[in-house]
4 protein chains.
Amino acid sequence: MATQQTDEKIIKAFSKLVLKLGYQGTTTKRIASEAGVNESTIFRHFKDKHSILEQLVNTYSRDIEQIGQSFEFTGDIVQDLMRVATIYHDFVANHQVVFLLGLRESYRFPEIGQALRQLPKRFKNLVVTNFNEMVEAGEIRATANVTEEATNFILLNFGNAVFTYAYPTARLQVPMKAFLAENIRTFAEHLQ
Amino acid sequence: MATQQTDEKIIKAFSKLVLKLGYQGTTTKRIASEAGVNESTIFRHFKDKHSILEQLVNTYSRDIEQIGQSFEFTGDIVQDLMRVATIYHDFVANHQVVFLLGLRESYRFPEIGQALRQLPKRFKNLVVTNFNEMVEAGEIRATANVTEEATNFILLNFGNAVFTYAYPTARLQVPMKAFLAENIRTFAEHLQ
Amino acid sequence: MATQQTDEKIIKAFSKLVLKLGYQGTTTKRIASEAGVNESTIFRHFKDKHSILEQLVNTYSRDIEQIGQSFEFTGDIVQDLMRVATIYHDFVANHQVVFLLGLRESYRFPEIGQALRQLPKRFKNLVVTNFNEMVEAGEIRATANVTEEATNFILLNFGNAVFTYAYPTARLQVPMKAFLAENIRTFAEHLQ
Amino acid sequence: MATQQTDEKIIKAFSKLVLKLGYQGTTTKRIASEAGVNESTIFRHFKDKHSILEQLVNTYSRDIEQIGQSFEFTGDIVQDLMRVATIYHDFVANHQVVFLLGLRESYRFPEIGQALRQLPKRFKNLVVTNFNEMVEAGEIRATANVTEEATNFILLNFGNAVFTYAYPTARLQVPMKAFLAENIRTFAEHLQ
DNA sequence: GATGAATGAGTTTTCATTCAT
DNA sequence: CATGAATGAAAACTCATTCAT
């Protein structure tokens, strides 16, 4: 329906603008002109500016639930970690706006912070489970500190994601493909 | 003298408020009342609001030059990396405001981005130098990929720093002491 | 419609206030209260304060184009000059605001100066044309210096207009009717 | 003394700036830096910004008293009017600042208006006296309307002065020398 | 269901002026 | 007698939001 379309047009416009201009820079006026609707139409579709963001955060939270649900460990740690990292980065890529807003605005909107925290938690669990299984199967050294390694794995990926999205102009960071193929592999090999 | 004190009062107030309220939320009115001076006094001491930030960025840039200048490698990789990580996190702790503003506002103020990029560069150099020496001395396996390991080290520390300062309310991250004592140690031990 | 009315209300308020208070004295707050609208409404109708003035200047420039287009010389120099002077003074009376702002603020807003300069040019052309025809027709002495007489005519009218509008409280100047009936007549008769 | 010098430095700076920037554009800060004194020093020498202007106006008024006191008519109307016009324009040139401020700001500062009005009055008297004498002496036609001719003479000169000083960038007006040599001559010859 | 118009609270900044030294 | 520092009042302008149609 028309309504549905308008909702989406607004969300799309908001998302696009936020990446370039930040939350405050994304004024309702600009959203309206980018979405091709009247400024006041925004307020018929969303209680206020903040609830556009809220809706994006909700989608984010819903999507998080499904992460890794159908993930199956192969038992090959290098393969497994590379696949987990890929899922992580795909998720972030698909939720850039919330990821960035979380980085930039979570001090103002605690709900974003809350939603974002689920991501590393979830991935850490995924990795810890995998590690424990592998330790039992003898594929990871028994001496390995599983929790710390998992934390390091998350921090590594998180650090790379922040670099990629928070400083988009700086071409300092490792390109994502290389990062997955090389840095994550290097990390994984240490565990064997 | 009075001027110096006022300059400092304003910078202090600005820094404090920016952490809580962000750059835009830190209005000149609030700075004034936090610093206990008249709003217009701010403009006698700083050309405009933005140059308060500029001054902090300048200090940041100046301080970066001196990082690691007197650093001496012990040859013990665990010790060395723990010390480098400590220096990194001390630096970030002393420049929280710039570090955070860089994360949040670098898309608006490219100069911050530029200044911030120096930090990982500098540390990476420090670590790469160290690694190369150790490879030659036989303390790191010759098969190790020095550049990738250095990148991972930086990303790990960067990720932890962002976690610590960007989500201050979330007590999810590893406390800094533990991070240094355990996670960095774990990372380092893989290289031996 | 409402918009049109509001535009006009703002322009009217601006014009009225500028005469009394000058450009700077005419604050947006005062314009708003004089026009009976909210201060921010002004900025929905005009990009900024300066473009209210701009609009008046544009009207001025547009109106100038039409001056004297349908003017027909009678061949009677006294009659003709009195009619030209009347047109001049009517025009100035209808564009008091721009005329005055040109006098007062053209050093700040060069565009006003530019627009204003058209007025004497246009009138001088009108007069010179008329004079030349009359010299040929023998109605003005052949010895008359046409250009100088035209300049004097313009300066006379300009001087009177400035007197009238720049020192509105001073009742020193010749009332406009008398000026036209007597001073311009006197001037004209010298040419016969 | 030092005080005297400072007074003068301030007045000079004020005068110079007002010509370029107008009264409001001439901020106390700029006056101070142009005069090479501290901003607050201005207020030790003048009650407030406005009394700098007042002092210039007083000088203007004092100088006006002396205009034409020693003027002697030659009986040659062309010569006489050219000399009167020269005196007029010299006076205006020497009091540009007050002349311009009168044009621009007399709506705000009625005292300037009052002072300025003396100038045309004085000159008109001078000219009327001269004309009457010449009519009696038969050098001007008896039919001449003395008052109107005098008014026209004043308006002509005033108009030219305004053109010269109010639109300094517009090189549209008659250069002063030519104006005196030709336009005033033309005007004068009509009276013979 | 969408729009055009209007608004009030707030923002950064400027400026003449005062005060303590 | 002059200065450096501080101030209060006001200026132009922005923005999310409401209201009548």
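All values derive from a computational prediction rather than experimental measurement. Reminder, nothing fancy here: chain letters follow the sequence lines and each chain counts from 1.
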Q: Hey, which sits more toward the 5' end of DNA chain E by its nearest nucleotide, D:Arg44 or B:Asp48?
A: B:Asp48
Q) How close or far is atom P of E:dC15 from atom CG of D:Leu21, stated in whole angstroms? A) 11 Å
Q: Give a yes or no answer on whether the side chain of C:Tyr107 reaches the backbone of D:Leu21 with a donor-acceptor pair at less than 3.5 Å.
A: yes
Q: Using atom CZ of D:Phe46 as one end and atom P of F:dA2 as the other, report the distance to the nearest whole Å.
A: 12 Å
Q | Check: C:Asn58 side chain, C:Ser61 main-chain N or O, donor-acceptor pair, under 3.5 Å | A | no
**Q.** Close residues, residues 10-20 of chain D, relative to DNA chain F [heavy-atom separation under 4.0 Å]
**A.** none
Q) Listed by chain and number, what are the ring pair (Phe, Tyr, Trp, His ring centres under 6.0 Å) partners of B:Phe46, not counting sequence neighbours? A) none
Q) Hey, does the side chain of A:Ser106 reach the backbone of B:Ala166 with a donor-acceptor pair shorter than 3.5 angstrom? A) yes
Q. Shortest non-hydrogen contact from A:Leu119 to A:Ile64?
A. N-CD1, 3.6 Å
Q) NE2 of B:His50 versus P of E:dT11: gap in Å, rounded? A) 19 Å
Q) Given F:dC15, E:dT11, E:dT12, which nucleotide is nearest the side-chain atoms of A:Thr27? A) F:dC15
Q. Dot-bracket for DNA chain F, 5' to 3', with Watson-Crick and G-U pairs under 3.5 Å, [ ] for crossing pairs and | for other-strand pairs: what is it?
A. .||||||||||||||||||||
Q) Please give, in whole Å, the distance from F:dG4 C1' to D:Lys29 NZ? A) 13 Å
**Q.** Flag side-chain contact, heavy atom, 4.5 Å: C:Leu19 against C:Leu100
**A.** yes
Q: Give a yes/no answer on whether the side chain of C:Thr28 brings an N or O atom under 4.0 Å of OP1 or OP2 in F:dA12.
A: yes
Q.
Going by side chain to side chain donor-acceptor pair (under 3.5 Å), name the pairs with one or both residues in residues 18-28 of chain B, residues two or more places apart or in two chains.
A. B:Thr28-B:Glu39
Q: Please list, chain by chain and in numerical order, all residues satisfying ring pair (Phe, Tyr, Trp, His ring centres under 6.0 Å) with C:Phe43, sequence neighbours excluded.
A: none
Q. In whole Å, what is the span from the CG atom of B:Asp7 to the C1' atom of F:dG4?
A. 13 Å
Q) Heavy atom of residues 35-43 of chain A under 4.0 Å from DNA chain F: which residues? A) A:Glu39, A:Ser40, A:Phe43
Q.
Does a side-chain N or O of A:His45 approach OP1 or OP2 of E:dG1 to a distance below 4.0 Å, or not?
A. no
Q) So, C:Glu111 versus C:His50: side-chain donor-acceptor pair below 3.5 Å or not? A) yes
**Q.** Separation of atom NZ in A:Lys49 from atom P in F:dT18, rounded to whole Å
**A.** 15 Å
Q: Identify the two heavy atoms, one from A:Val57 and one from A:Ala115, that lie closest to each other, and give their separation to 0.1 Å.
A: CG1-CB, 3.6 Å
Q) What's the CD-P distance between D:Gln24 and F:dA11, to the nearest Å? A) 10 Å
Q. Looking only at heavy atoms, which two atoms of B:Thr59 and B:His95 are closest? And how far apart?
A. O-NE2, 4.3 Å
